[in-house]
Amino acid sequence: MPDSLPPDAHGMARDLAIADVQSTIVDVPTVRRHKLSNTSVTAQSYVLVRVRLANGAEGIGEAATLGGPRWSEESVEAMKANIDAYLAPAVLGLRADQFEAAGLRMDAAAKRNNAAKAAVETALFDAVGKTFGLPAAALLGGAVRDRVPVLWTLASGDPAQEVEEAGCKLDARLHRTFKVKVGAQDPAADMARMRHLARALEGRATLIVDANQAWDETVSARCLPQLAEMGVVLVEQPVPAWNVAGLARLRARPGTPPLLADECVFDAHDMLAVVHAAAADAVSLKLVKHAGLLGVKRVAAVAEAAGIGLYGGCLLESSVGAAAHLQVFSTLRELAWGCEHFGPQILTGEYVTEPLRFEEFHVHLPTGPGIGVAVDEDRLRHYARA
Ligand code: MUC
Ligand code: MG
């Protein structure tokens, strides 16, 4: 491959060489405590990656965490250290449109570190898109939709507050599907909470549940049919990520609602293992798991080939990370379960000039080149970790 492209007919500088990579830790408070089975957050932490190309174009990407290295093994501190010491040097000088080569170089420089790699790769797509005036979606096959249905997650743990919160979202026509986080308390208490929510929201909302690996197979076998009876349409990762065989056994039991694989699918090989085990009905796609936009497409392709539904997952990204997800989600031929990129709405503030648009139960694909959003420097200074 040539190291640089010739100037185009208009003499525009098209030297796509990656000249600089910077990373910044950002902390943004959330509007309320968000409780999962294994962590609880009142602020979201991100690593913002900024790349500069020789032609002057800049690109941004974001890596999200949930409660430090609790949801997965990466923390923002570790991501920043590994980007600065290993991933940035691996891609410096490379042509930014050599996305696969960048992935190969990053894989050679560091095992896993998928969220950190995703942020770097996103910034490359953004910079190349901005150079050519194209949305990242165009570089990924082209958008087939310009908005995606978006759910909201109820995770305060207080059912009265959760009914009220869901009511506000319904009234504002922002969200009508709600994902409820369970597993932070004992299963009987969660079943009572779910019954309360199902009754209060009956006929007005669709419910899904995410246990974030909290239950063992026995508890899951008891709770899953109860959730199905309450009308819950999808249950996400009830058992630990390692227990794909257990997930398959649960799926084969009568009365089990459709199952969504999350923490057990990080790459296309994991996806294939879930397919071979017949362990899931749908898979949650996330940049932090799949190491980038191309990784999302690879996992999605394996799932699609097996007839497994696609669900647009998140890790409470800001508009930067959410926009990147929407760029790739917009290119998937089927996205049966919509997405959960409500992250921008649970933050007390943002660090982009124009946050994503949420209306009529959908989040809109931003227009504009690259990932479609731009950093607001003042706001970034406000949220950047000193
Ligand atoms: C997860 O496990 O799905 C996404 C939304 C949310 O509330 O938690 C995350 C992570
Ligand atoms: Mg999940």
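All ligand and atom numbering here is 1-based and tracks the order in the structure.
- In this structure, CG in Asp210 is found 7.0 Å from CG in Leu36, a value given to the nearest 0.5 Å.
- Remark: among candidates His341, Glu263, Lys181, the nearest residue to atom 9 (C) of ligand 1 is Lys181, based on non-hydrogen atoms.
- Close approach of ligand 1 to Trp71 is summarised as follows: ligand atoms under 4.0 Å from at least one heavy atom of the residue are 1 (C), 2 (O), 10 (C).
- Asp262 contributes OD2 as its N, O or S atom closest to the Mg ion (ligand 2).
- The closest side-chain heavy-atom distance from Leu201 to Arg204 is below 4.5 Å.
- Taken from CE in Met191 to CG in Asp186, the straight-line distance is 10.0 Å, to the nearest 0.5 Å.
- Within the listing of ligand 1, atoms 1 (C), 3 (O), 4 (C) sit less than 4.0 angstrom from a heavy atom of Lys179.
- Judged by distance alone, with hydrogens and angles left aside, the side-chain atoms of Gln237 form a donor-acceptor pair with the main-chain N or O of Cys264 at under 3.5 Å.
- Residue contacts with ligand 1 include Cys314, since one or more of its heavy atoms lies under 4.0 Å from the ligand.
- Interatomic distance, CG of Asn212 versus CG of Asp262, reported as 7.0 Å (0.5 Å rounding).
- With rounding to the nearest 0.5 angstrom, the CZ atom of Phe358 is 6.0 Å from the NE2 atom of His175.
- Using a 4.0 Å cut-off to heavy atoms of Asp262, the atoms of ligand 1 that qualify are 1 (C), 2 (O), 3 (O).
- Within the cation-pi definition used here (under 6.0 Å to the ring centroid, within 45° of the axis), Arg112 qualifies as a partner of Phe266.
- For atom 7 (O) of ligand 1, the closest non-hydrogen atom of the protein is His34 NE2, 2.7 Å.
- When distances from the Mg ion (ligand 2) to the N, O or S atoms of Glu236 are compared, OE2 comes out shortest.
- Set against the non-hydrogen atoms of Asp210, the atoms of ligand 1 under 4.0 Å away are 1 (C), 2 (O), 3 (O).
- The atom of Asp210 that is an N, O or S and sits closest to the Mg ion (ligand 2) is OD2.
- A distance of 10.5 Å separates OG1 of Thr153 from CD of Glu162, quoted to the nearest 0.5 Å.
- Remark: among candidates Gln237, Glu340, Lys286, the nearest residue to atom 4 (C) of ligand 1 is Glu340, based on non-hydrogen atoms.
- Within ligand 1, the atoms closer than 4.0 Å to a non-hydrogen atom of Leu315 are 10 (C), numbered from 1 in the order shown.
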